[in-house]
Amino acid sequence: MSSQHARAYYTHDQVREQVQQPNVVRKKVKVQKRWVTRGEKMMYSFFAVIFLSISAYLVSYSSSLDQLNREVESLNTQIQQQTVHNENLAFKQKELSQPERIIENAKKHGLEVQNTQVKRATDLVE
C-alpha cells in the first residue's frame with residue numbers, strides 16, 4: 001500500500017467514526033392505553049358515593065326503626081303490667097265491697113244495722 005492509500009484509508013476511518021458518534025439514541029415513548037378513562041372514573045366515583053350514601057341512610061333508618069320497635073315493645077309490657085295491676089285492684093274492690101264484710105266491720109266498731117237490707121252502692125240506680 002502506498003502512503004497515499006494509507007492516508008485516504010485513515011481519513012476515511014476518521015470520517016466514519018465522526019459520523020457514527022453523533023448518532024442519537026432515541027427512546028420510544030410508549031403510550032399506554034388506560035383501562036378506564038377519566039370520564040369513566042368520574043362516573044364510577046359518582047355512583048360509588050351515591051351507593052355509599054344510600055347504604056348509610058338505610059343503616060340509619062333501620063337503626064331508628066329498631067329503636068322505635070323496642071320502645072313500642074317496652075310500652076306494651078308496661079301496658080300489660082298496668083292492666084294486671086288494675087284488674088287486681090278491681091278484684092280487691094269487689095272483695096272489700098261485699099255486704100257481709102261491711103256488716104262485720106260495722107259490728108266490730110260498735111255500729112248497729114237498723115235496716116236489714118244492705119245493698120251494694122253500684123246496684124242502686126235511680
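Atom set for the values below is all heavy atoms of this structure, side chains included, hydrogens, waters and symmetry mates excluded.
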Got a second to check how far [X]'s [atom1] is from [Y]'s [atom2], nearest 0.5 Å?
| X | Y | atom1 | atom2 | result |
| --- | --- | --- | --- | --- |
| E71 | D66 | CD | CG | 10.5 Å |
| L65 | Q67 | CG | CD | 10.5 Å |
| I50 | S45 | CD1 | OG | 11.0 Å |
| F47 | M43 | CZ | CE | 6.0 Å |
| E104 | Q98 | CD | CD | 10.0 Å |
| K108 | R101 | NZ | CZ | 8.5 Å |

Item checked: Donor-acceptor side-chain pairing of Q82 and N86 below 3.5 angstrom -> yes

Notebook entry, point to check: Okay, side chain of S53, backbone of V49: is any donor-acceptor separation there less than 3.5 Å?
Noted result: yes

Margin query: I want to check something: taking the side chain as every heavy atom from C-beta on, are T77 and E73 in contact at a cut-off of under 4.5 Å?
Written below: no

Next item on the list: Show your working on side-chain contact (heavy atoms from CB on, under 4.5 Å) between Q93 and L96 and close with a plain yes or no.
Entry: CA-CA 5 Å; Q93 178 193 9; L96 294 175; 6.0 Å; no

